[in-house]
Amino acid sequence: MNVSEFTLMALKKIQRGTVDQKSSFRLPVLSTSVSNKVFQRIVVARNFNEHNHSLLIFTDRESHKYYQLHGNKNCSLLFWDQKQKLQVQVDGEASILENKKTHWDKLNNKQKDDYKIIPFPGKKISSAKDYEFKSSDDRFEVINIKFRQMDILELSSTGHCRAKCIFTKNSREEYWVAP
């Protein structure tokens with residue numbers, strides 16, 4: 001396998017994660033930072049654009065991740081496939097999409113309720129179920145994470161493989177690196 005095939009394999013796994021609920025790449029770890037503090041959480045990979053190498057995730061406008069990405073657009077994603085022993089790290093830049101109606105319309109009512117929780121996400125409550133789905137606010141947001149670079153590592157007893165991919169406006173630079 002050459003480096004372009006290796007990179008393409010990783011991109012295809014990311015894309016598959018957006019349509020296959022059983023894919024190990026469906027739930028990547030998103031890392032954000034504010035004031036030299038790093039925050040991580042699992043997100044759902046919603047849509048991958050293979051032409052501009054970007055991934056969509058959804059969030060609540062009152063969530064910590066929204067404010068963190070609004071204040072610092074730099075973020076990273078970590079994907080892991082236990083069976084293949086494949087790790088993909090993505091360095092990206094987040095932006096908030098203005099046109100979110102088409103994404104909202106595809107959600108079922110239960111999914112829509114997740115963006116109507118009162119009190120807001122992360123607020124202290126008196127018991128585990130002391131919240132309601134009552135907000136009338138439109139707090140649903142779509143975040144686009146544009147890939148800047150990707151580090152792909154496949155662990156194997158016969159020898160590890162690792163590559164870097166740097167995304168530019170109209171192309172990508174790919175090369176092998178020592179694992």
Side-chain angles (χ1 to χ4, degrees), residues 3-21 23-82 84-100 102-104 106-107 114-115 121-122 139-155 161-177 179:
V3 71
S4 291
E5 292 169 336
F6 191 63
T7 301
L8 186 59
M9 175 267 308
L11 290 169
K12 294 262 185 229
K13 283 191 71 71
I14 291 170
Q15 184 173 35
R16 177 137 181 104
T18 66
V19 295
D20 180 357
Q21 291 186 354
S23 169
S24 59
F25 277 34
R26 177 79 172 158
L27 301 170
V29 175
L30 171 69
S31 297
T32 58
S33 66
V34 175
S35 303
N36 293 323
K37 291 183 180 180
V38 177
F39 302 89
Q40 298 174 310
R41 80 279 288 150
I42 302 291
V43 295
V44 178
R46 299 291 184 170
N47 184 278
F48 179 70
N49 184 319
E50 63 184 301
H51 300 291
N52 72 359
H53 304 105
S54 63
L55 182 75
L56 295 183
I57 62 170
F58 299 163
T59 193
D60 186 316
R61 184 176 39 252
E62 294 298 331
S63 71
H64 293 294
K65 80 172 125 347
Y66 177 82
Y67 286 107
Q68 291 161 359
L69 290 170
H70 200 269
N72 181 357
K73 297 178 184 318
N74 298 310
C75 61
S76 67
L77 293 162
L78 177 65
F79 299 86
W80 171 247
D81 183 320
Q82 174 69 29
Q84 193 177 344
K85 303 285 191 240
L86 180 71
Q87 172 184 278
V88 178
Q89 297 177 67
V90 173
D91 170 40
E93 183 175 322
S95 60
I96 311 300
L97 288 189
E98 295 296 320
N99 184 7
K100 55 191 176 184
T102 56
H103 300 287
W104 177 256
K106 291 179 184 175
L107 298 179
D114 289 338
Y115 303 97
R139 299 188 337 231
F140 175 74
E141 296 292 342
V142 179
I143 297 173
N144 183 58
I145 301 172
K146 176 94 169 97
F147 293 15
R148 289 189 292 229
Q149 68 177 20
M150 187 168 65
D151 187 302
I152 309 151
L153 173 64
E154 187 173 47
L155 303 174
C161 293
R162 185 174 177 193
K164 291 265 189 190
C165 179
I166 300 182
F167 299 96
T168 57
K169 191 168 189 145
N170 297 317
S171 66
R172 60 183 192 242
E173 177 188 355
E174 306 157 326
Y175 51 92
W176 294 111
V177 294

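As a basis for the values below, the full set of heavy atoms in this structure was taken, side chains included, without hydrogen atoms, waters or symmetry mates.
- Here the side chain of Lys73 pairs no donor or acceptor atom with the backbone of Ser95 at under 3.5 angstrom.
- Taking 4.5 Å as the limit, every side-chain heavy atom of Thr32 sits out of range of all side-chain heavy atoms of His64.
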Requested in this report: Let me see the working for Asn47 and Val142 under side-chain contact (heavy atoms from CB on, under 4.5 Å), right down to the final yes or no.
Outcome: CA-CA 10 Å; Asn47 184 278; Val142 179; over 6 Å; no
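- Closest of all the heavy-atom pairs between Phe79 and Pro28 is CE2-CB, 3.4 Å.
- Checked against the 6.0 Å centroid criterion, the rings of Phe58 and His103 qualify as a close aromatic pair.
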Report task. Report the C-alpha distance between Lys85 and Trp80 in whole Å, list the side-chain angles of each, state the deciding distance to 0.1 Å, and finish with yes or no for side-chain contact (heavy atoms from CB on, under 4.5 Å). Result -> CA-CA 7 Å; Lys85 303 285 191 240; Trp80 171 247; 4.2 Å; yes
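- The heavy-atom pair separating Gly17 from Ser23 by the smallest distance is CA-OG, 3.5 Å.
- Under the 4.5 Å side-chain criterion, counting only non-hydrogen atoms from C-beta, Gln84 is in contact with Lys13.
- Between Leu55 and Thr18, some side-chain heavy-atom pair lies under the 4.5 Å cut-off.
- Other residues, nucleotides and ligands contribute at most 12 non-hydrogen atoms within 6.0 Å of the CZ atom of Arg16.
- Nearest approach of Met9 to Leu86, heavy atoms of both residues: SD-CD2, 3.8 Å.
- You'll find the side chain of Ile143 stays beyond 4.5 Å of the side chain of Leu56, heavy atoms only.
- Between Lys100 and Phe140, some side-chain heavy-atom pair lies under the 4.5 Å cut-off.
- Put simply, the side chain of Ser35 never gets that close to the backbone of Lys37: no donor and acceptor are under 3.5 Å apart.
- Listed for the Asn72 side chain is a donor-acceptor partner under 3.5 Å among the backbone atoms of Ser33.
- The line from CD1 of Ile145 to CD of Glu93 is 11.0 Å long, rounded to the nearest 0.5 Å.
- Within a 6.0 Å radius of CD in Gln21, no more than 12 heavy atoms belonging to other residues, nucleotides or ligands are found.
- Leu27 is listed as a side-chain neighbour of Val44, based on a closest heavy-atom distance under 4.5 Å.
- Under the salt bridge (Lys or Arg N to Asp or Glu O under 4.0 Å) criterion, the residue pairs touching residues 50-72 are Asp60-Arg139, Arg61-Glu141, with sequence neighbours excluded.
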**Report entry** side-chain contact (heavy atoms from CB on, under 4.5 Å) between Asn52 and Lys146, intermediate numbers included
**Finding:** CA-CA 7 Å; Asn52 72 359; Lys146 176 94 169 97; 4.1 Å; yes
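- Between Val34 and Tyr67 the shortest side-chain heavy-atom distance does not fall below 4.5 Å.
- For the pairing with Arg162, the side-chain contact (heavy atoms from CB on, under 4.5 Å) check across Leu155, Asp151, Ile152 returns one residue only, Asp151.
- Residues Ser31 and Leu78 fail the side-chain proximity criterion, which asks for heavy atoms closer than 4.5 Å.
- Note: Gln87 CD to Asp81 CG = 11.5 Å, rounded to the nearest 0.5 Å.
- Closest non-hydrogen pair, Phe6 versus Cys161, comes out as CZ-O, 3.7 Å.
- Of all the heavy atoms in Leu153 and Pro179, the pair that sits closest is CD1-CB, 4.0 Å.
- Proximity of the aromatic rings of Phe48 and Phe147 is defined here by a centroid distance below 6.0 angstrom, and this criterion is met.
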Report task. Start with the C-alpha distance between His53 and Arg172, add both sets of side-chain angles, then the distance that settles side-chain contact (heavy atoms from CB on, under 4.5 Å), and finish with yes or no. Result -> CA-CA 10 Å; His53 304 105; Arg172 60 183 192 242; 3.6 Å; yes
